Amino acid sequence: QVQLVESGGGSVQAGGSLRLSCAASGHRFTDSCVGWFRQVPGQEREGVASIEPIGRTSYADSVKGRFTASIDNAKNTLYLQMNSLKPEDTGMYYCAASRLWGSGPSCRAIQDSLFDYWGQGTQVTVSS
């Protein structure tokens with residue numbers, strides 16, 4: 001059974017930082033496209049960042065230059081470093097992984113249809 005477990009969410013003031021973690025069991029990230037998504041109630045889920053198996057990262061325009069996704073394959077853990085947080089970054093953040101080889105345009109576009117495994121989410125709240 002595959003499990004993705006996020007941690008690291010919380011409440012911060014605008015300009016602050018948080019680092020989210022996503023630990024996986026039952027599935028290795030090595031060949032997957034892995035990604036971070038966020039969702040606010042009443043709005044569509046938004047792709048935030050992704051990492052292809054070859055190591056290439058992609059980001060939504062709204063977070064470029066502020067967020068950094070990384071992966072520790074030895075720990076099978078995905079991270080999202082979030083700096084210069086803004087109130088509009090508030091939301092539930094989810095990590096996700098594809099079951100099969102995940103390199104290509106769909107990963108770079110952070111398309112949620114590519115992802116098979118999802119975490120339960122961790123809440124991030126940024127106050128002004």
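Just so it is clear, the structure is predicted and the values come from calculations on it, not from any experiment. In this chain, residues are counted from 1 in sequence order.
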| query | Which pair of heavy atoms, one from P87 and one from S127, lies closest together, and at what distance? | reply | CG-C, 4.5 Å
| request: Would you indicate whether the side-chain heavy atoms of S32 and H27 approach each other to under 4.5 Å? | output: yes
| Any donor-acceptor pair under 3.5 Å linking the side chain of Q120 with the backbone of V5? | no
| remark: Rounded to the nearest 0.5 angstrom, the CD-CG distance for Q39 and D112 is 9.5 Å
| OG-CD distance between S25 and Q3, expressed to the nearest 0.5 angstrom | 4.5 Å
| request: Quick one: pull up CG in L100 and CG in D31 and give me the separation to the nearest 0.5 Å. | output: 9.5 Å
| field | Distance (rounded to the nearest 0.5 Å) between E88 CD and R38 CZ | value | 8.0 Å
| Out of curiosity, E44 CD to E46 CD, how far, rounded to the nearest 0.5 Å? | 10.5 Å
| said: Through direct or indirect side-chain contacts below 4.5 angstrom among Ile, Leu, Val, Met, Phe, Trp and Tyr, which residues connect to Y117? | reply: V2, L4, V12, L18, L20, F29, V34, W36, V48, I51, Y59, V63, F67, I71, L78, L80, M82, L85, Y93, V124, V126
| field | Heavy-atom donor-acceptor pair, E6 side chain to G121 backbone, under 3.5 Å | value | yes
| Are K86 and D89 close enough for a salt bridge, meaning some N to O gap below 4.0 Å? | no
| task | Say whether, by atom type as modelled, one donor and one acceptor occur between the side chain of T90 and the main chain of T125 under 3.5 angstrom. | result | no
| Would you say Q123 and S11 make side-chain contact, with heavy atoms under 4.5 Å? | no
| task | Calculate, to the nearest 0.5 Å, the distance between atoms OG and CD belonging to S106 and Q111 respectively. | result | 4.0 Å
| Is the side chain of S50 donor-acceptor paired with the backbone N or O of C107 at a distance under 3.5 Å, no angle test? | yes
| task | Give the ring-plane orientation class for F115 versus F37, where under 30° counts as parallel, over 60° as perpendicular and anything between as tilted. | result | perpendicular
| query | Between R108 and S58, is there a donor-acceptor pair closer than 3.5 Å when you use the side chain of the first and the backbone of the second? | reply | no
| Partners of T30 by side chain to side chain contact (heavy atoms under 4.5 Å, CB included), sequence neighbours excluded? | R28, N73
| task | Indicate yes or no: at least one non-hydrogen side-chain atom of S17 is less than 4.5 angstrom from one of Q81. | result | yes
